[in-house]
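Reminder, nothing fancy here: chain letters follow the sequence lines and each chain counts from 1. Just so you know, these numbers use all the heavy atoms, side chains as well, and skip hydrogens, waters and symmetry mates.
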Amino acid sequence: MSAPDSFETSPAPRISDLARARPADYLDGLNPEQRAAVEATEGPVLVLAGAGTGKTRVLTTRLAHILATGRAKPWELLAVTFTNKAAREMRERIAHIIGPQAEGLRWLGTFHSIAAQILRRHAELVGLKSNYTILDTDDQERLIKQVLEAENVDAKRWPAKHLAGLIDQWKNRGWTPDRLPAGEGAGFANNRGQALYRIYQDRLRVLNACDFGDLLLHNLTLFQGHPDVLAEYHERFRYLLVDEYQDTNVAQYLWLRLLAQKRQNVCCVGDDDQSIYGWRGAEVDNILRFERDFPGAKVIRLERNYRSTSHILGAASGLIAANKGRLGKTLWTEAPGGEKVIVRGVWDGEAESRLVADEIERAVRGSADAPKRRYKDIAILVRASFQMRAFEERFVLLQIPHKVIGGPRFFERAEIRDAHAYLRLIQSEDDDLAFERIVNTPKRGIGDTTVQKLLQIARLNGVPVVAAAREVVRTDELAARTRTALSNFLRDLDRWRAQAGALPHPRLMEQVLEESGYTDALRLEKSPTAQTRLENLKELVQSMGAFETLEAYLEHVSLVLDLERESGDDSVQIMTLHQAKGLEFPLVFLPGWEEGVFPSQRSIDETGEKGLEEERRLAYVGITRAREEARISFAANRQVYGRWTSQLPSRFVDELPLAHVEASSETGYYGGGPGMQQHGSRWDESPSFGAGYSSPGWKRAQERSYRGSHPGRQQVIEGEGRLVAVSEPSSSAYRRGDRVFHMKFGYGAVTAVDGNKLTVAFDKAGEKKVIDSFVEKA
DNA sequence: CGTGCTCACCTTTTT
DNA sequence: GGTGAGCACG
């Protein structure tokens, strides 16, 4: 049943390659624990690698060691990571040690990409064809919506998103519809959860499609139902290696255990203190019970930290000590104390961003007793993305180069997904989801009712919707205009399909985008976002060129490809704590340490003590990102969802060991000062801040001051001649990604002061202006 | 069928 | 406070 073993043809190692991998080279400079972790190749090994202890180095050296000592060929190693980025990095670093032999590491990749490869070879055994499509979350949700509609489930009371979430969780735990524990689906649509899950799985099979969770789930079904197939992989994979083991979910864990069960040569590397993905199914328990699952396992602790100063390490260690249920590590360093971790209370969110921005400017300028920083040495790590905005705006104002990490990624953007849907439909007429997505994009007069009708006919006859459409256009079931539109669309589709073989696929893509009217529709829009989208499509066409065939491209897109954003430039990075995992910076800002914000109230509400501990690990991850300086801040007042709220400092602030921390407050509030009222920690229960702030006058002033300072809270401009930065709404838009800031800024000197109104003179044109929105420039 | 309005939503994210 | 989804209306 299996496909031919074409993958055994990886290049054999050449003598010159092996010669490069002299043990003396790659083992040099490892400390005793690291070396032990590299050399313990046989039997189960758990490497507990604390933050900054050289984990990646150990991982890559271990693989290189196994190869260099001839224990296995590159294609006999299974090495799994969570992200493509991690996989790429590992491959590069191994290549650095052992040279081109690393090309043969055929089974180094993410859980999903490896599972997808295995599934391609045995798809028939689980009721799929080997050319199955991989659906992303968007497609998945739309399919579930269809199922709900077909089953007459009230989509208002029982949103598709909710069921999608449930199914995801179930799949994360390795539960097929048959194996769903009783009562699991009870909460959804009057006990119909399980039935709907089953129907959804059937639909996927009909569409010859998988969602992300299925990739692993089908692997489990495959291995459990076909011992011969499993045995084949036992034979193949001589050594297993898993990165970020603390983040594995149950399905991944079961998958690993099945694969490792025969040879037991499995090495898992992780840190229970850095487990921050519990909310998406990660089970810290997997790491806690490793020794039970693999009797005789060797546990190696990497505890020497090479990254941070001892004050930073001390602060982080003290904080994480408050968690129960740890495996326990004692990190140490020979690095000097450095600066203590600075904790500061400020008046409000705006003061916080001002403080951070000022300190960044100072750090970049450097001083006698402080090193001169580059912008890229600095990161701002927030709990949630809504906190990013304040910093972004401040940085725009002060012209501090910065980069917001995250946001919709290239291949998740609507226009890219539309383009892919065209390709998918050209490639396979069975792709109903692709049809649905683009049949009326751009608008060609085939509305929702028509599409629904087609879907219904298709379902009744058990045929793909394109086939149904072909039939329908021959009848007079549709209004004449709709029918013409539909048959034109089908005609276009046929033409593109005919060209698909003859044309290089980037050319095909261009042609489809032109002839479908997609680019024309965008050009007509004239908005800056439409411009961006056109550029994205150009980028797409370019990226396609790197692939031999359309099939290869589409396969890659769904699992592996993410366009590397240029990262080399010198700018401050703004990102979430989750995104910061695995990174490090000389100077790290950790704003928003307020009860309810961080730790997140929702996390505590939903998962209680467990959630709180995960939040604490997040705090630990945050602090340990810093090499030299960490600066924590919290605000006494903060706008959350447009409402002013009073805040209490995070409990994490109090858990920091005093010996490693220096605390101060501008508000007199830290420790209980003026302006505070005791109240519940939930921000939406908080009394609104002073009355003046909710008055219409305030609101108007705020609108007028557009992204500028608080009128009531601005720094006092003492006199004339001060230099200020000015912002105001303007027609010249400043664009960052998809977001547009209507903002113009510049520096001017104050010539007159009247309350909050300043008259400012600008050097260049001799221009004078009265403004009510400004920031003082130091 | 397309547009404008109201209303609920509002952590973290990879594949 | 901002936004996207869903509904009523033209």
Side-chain angles (χ1 to χ4, degrees), chain A residues 80-87 109-116 134-141 145 155-156 159-161 165 168 171-172 210-217 244 247-249 251-252 275-282 381-389 405-409 411-412 414 440 443-451 479 481-482 485 556-562 575-582 592 596-607 611 614-615 617-619 621-622 639-645 683-684 694 699 702-703 706-707 738-739:
Chain A
V80 232
T81 62
F82 275 84
T83 63
N84 291 308
K85 193 175 156 212
T110 63
F111 275 100
H112 289 87
S113 72
I114 289 169
I134 298 166
L135 303 185
D136 61 22
T137 34
D138 209 80
D139 288 328
Q140 182 193 13
E141 220 171 274
K145 205 176 237 166
K156 280 252 192 47
K161 239 193 176 83
D168 245 18
K171 288 183 175 174
N172 282 342
C210 271
D211 62 23
F212 287 123
D214 276 340
L215 295 172
L216 277 151
L217 199 63
E244 305 279 12
D247 289 335
T248 49
N249 62 36
Q252 288 157 340
S275 163
I276 55 174
Y277 286 107
W279 49 273
R280 66 173 203 215
L381 310 182
V382 296
R383 173 68 240 273
S385 44
F386 73 81
Q387 297 169 270
M388 293 178 173
R389 184 102 144 240
I405 312 292
R409 281 164 316 159
F411 288 98
E412 282 163 10
N440 202 29
K443 308 245 182 298
R444 40 173 83 89
I446 304 168
D448 216 30
T449 23
T450 313
V451 175
R481 209 162 41 162
T482 322
H556 230 65
V557 155
S558 47
L559 276 179
V560 184
L561 207 68
D562 56 308
M575 66 183 97
T576 65
L577 288 158
H578 285 90
Q579 289 166 331
K581 192 160 138 191
V597 175
F598 186 37
S600 145
Q601 188 58 45
R602 190 153 163 189
S603 178
I604 296 172
D605 287 348
E606 283 171 11
T607 37
E614 183 155 311
E615 297 284 310
R617 290 194 289 270
L618 212 38
V621 167
Q639 251 183 326
V640 183
Y641 300 140
R643 236 160 265 173
W644 278 99
T645 59
W683 58 54
D684 50 4
S694 49
K699 197 156 179 183
Q702 195 189 33
E703 274 159 17
Y706 197 76
R707 298 184 198 281
D738 281 348
R739 288 165 71 174

First encountered from the 5' end of DNA chain B, between A/Gly447 and A/Ala384: A/Gly447

Between B/dT15 (P) and A/Lys85 (NZ): distance, integer Å: 10 Å

Gap in Å between the two P atoms, one belonging to B/dT12 and one to C/dT3, rounded: 15 Å

Distance below 4.0 Å between A/Thr450 side-chain N/O and B/dC1 OP1 or OP2: yes

A/Ser385 side chain near B/dT12 phosphate (N/O to OP1/OP2, under 4.0 Å): yes

Rounded distance (Å) that lies between atom P of B/dT14 and atom CG of A/Leu577: 14 Å

Stacking of A/Tyr277 on B/dT14 base (centres under 5.5 Å, planes under 30°): no

Would you tabulate the nitrogen or oxygen pairs shorter than 3.5 Å linking the protein to nucleotides 3-5 of chain B?
none

Short side-chain N/O contact to C/dG1 OP1/OP2 from A/Gln639, under 4.0 Å: no

A/Glu141 side chain vs A/Asp138 backbone, donor-acceptor pair below 3.5 Å: no

Under the side chain to side chain contact (heavy atoms under 4.5 Å, CB included) test, residues paired with A/Thr83 that sit two or more places apart: A/Lys85, A/Ala86

A/Arg280 backbone acceptor or donor facing A/Asn172 side chain under 3.5 Å: yes

d(CG, A/Asn249; P, B/dT12) in whole Å: 21 Å

Whole angstrom value for the distance that separates P of B/dT15 from CG of A/Asp211: 16 Å

Nearest to side-chain heavy atoms of A/Asn84, which nucleotide of B/dG2, B/dT15, B/dT13: B/dT15

Nucleotide B/dT12, atom C1' - distance to CH2 of A/Trp279 in whole Å: 4 Å

Phosphate contact (B/dC1 OP1 or OP2) by A/Thr449 side-chain N/O below 4.0 Å: yes

Sugar-phosphate, base or nothing in reach of A/Ser600, heavy atoms under 4.0 Å: base

N/O donor-acceptor pair under 3.5 Å between A/Asn440 side chain and A/Ile446 backbone: yes

side-chain hydrogen bond (donor to acceptor under 3.5 Å, both in side chains) involving A/Gln140 - partner list, sequence neighbours excluded: A/Asp211

pair A/Met575-A/Leu381: side-chain heavy atoms closer than 4.5 Å: yes

Sugar-phosphate only, base, or nothing, as touched by A/Gly445 at under 4.0 Å among non-hydrogen atoms: sugar-phosphate

For A/Glu244, salt bridge (Lys or Arg N to Asp or Glu O under 4.0 Å) partners two or more places apart: A/Lys55, A/Lys581

Nucleic acid footprint by protein, nucleotides 2-7 of chain C - heavy-atom cut-off 4.0 Å, B for base, S for sugar-phosphate alone: S---SS

Set of ring pair (Phe, Tyr, Trp, His ring centres under 6.0 Å) partners for A/Tyr277, sequence neighbours left out: A/Trp279, A/His578

4.5 Å side-chain heavy-atom contact, A/Lys161 and A/Lys145: no

Integer-rounded Å distance: B/dT13 C1' and A/Met575 CE: 15 Å

Distance in Å, A/Glu615 CD paired with A/Thr607 OG1, rounded so as to fall on 0.5 Å steps: 8.0 Å

Nucleotide B/dC10, atom P - distance to CG of A/Asp605 in whole Å: 13 Å

Between P of B/dC1 and CZ of A/Arg481, the distance in whole Å: 9 Å

Beyond-backbone contact of A/Ile114 with A/Val80, side-chain heavy atoms, under 4.5 angstrom: yes

Touch class at under 4.0 angstrom, heavy-atom based, for A/Glu615 against every strand present: base

Sugar-phosphate, base or nothing in reach of A/Ile446, heavy atoms under 4.0 Å: sugar-phosphate

Most 5' of A/Arg444 and A/Leu618 on DNA chain B, judged by nearest nucleotide: A/Arg444

N/O (side chain, A/Ser113) to phosphate O (OP1/OP2, B/dT15) under 4.0 Å: no

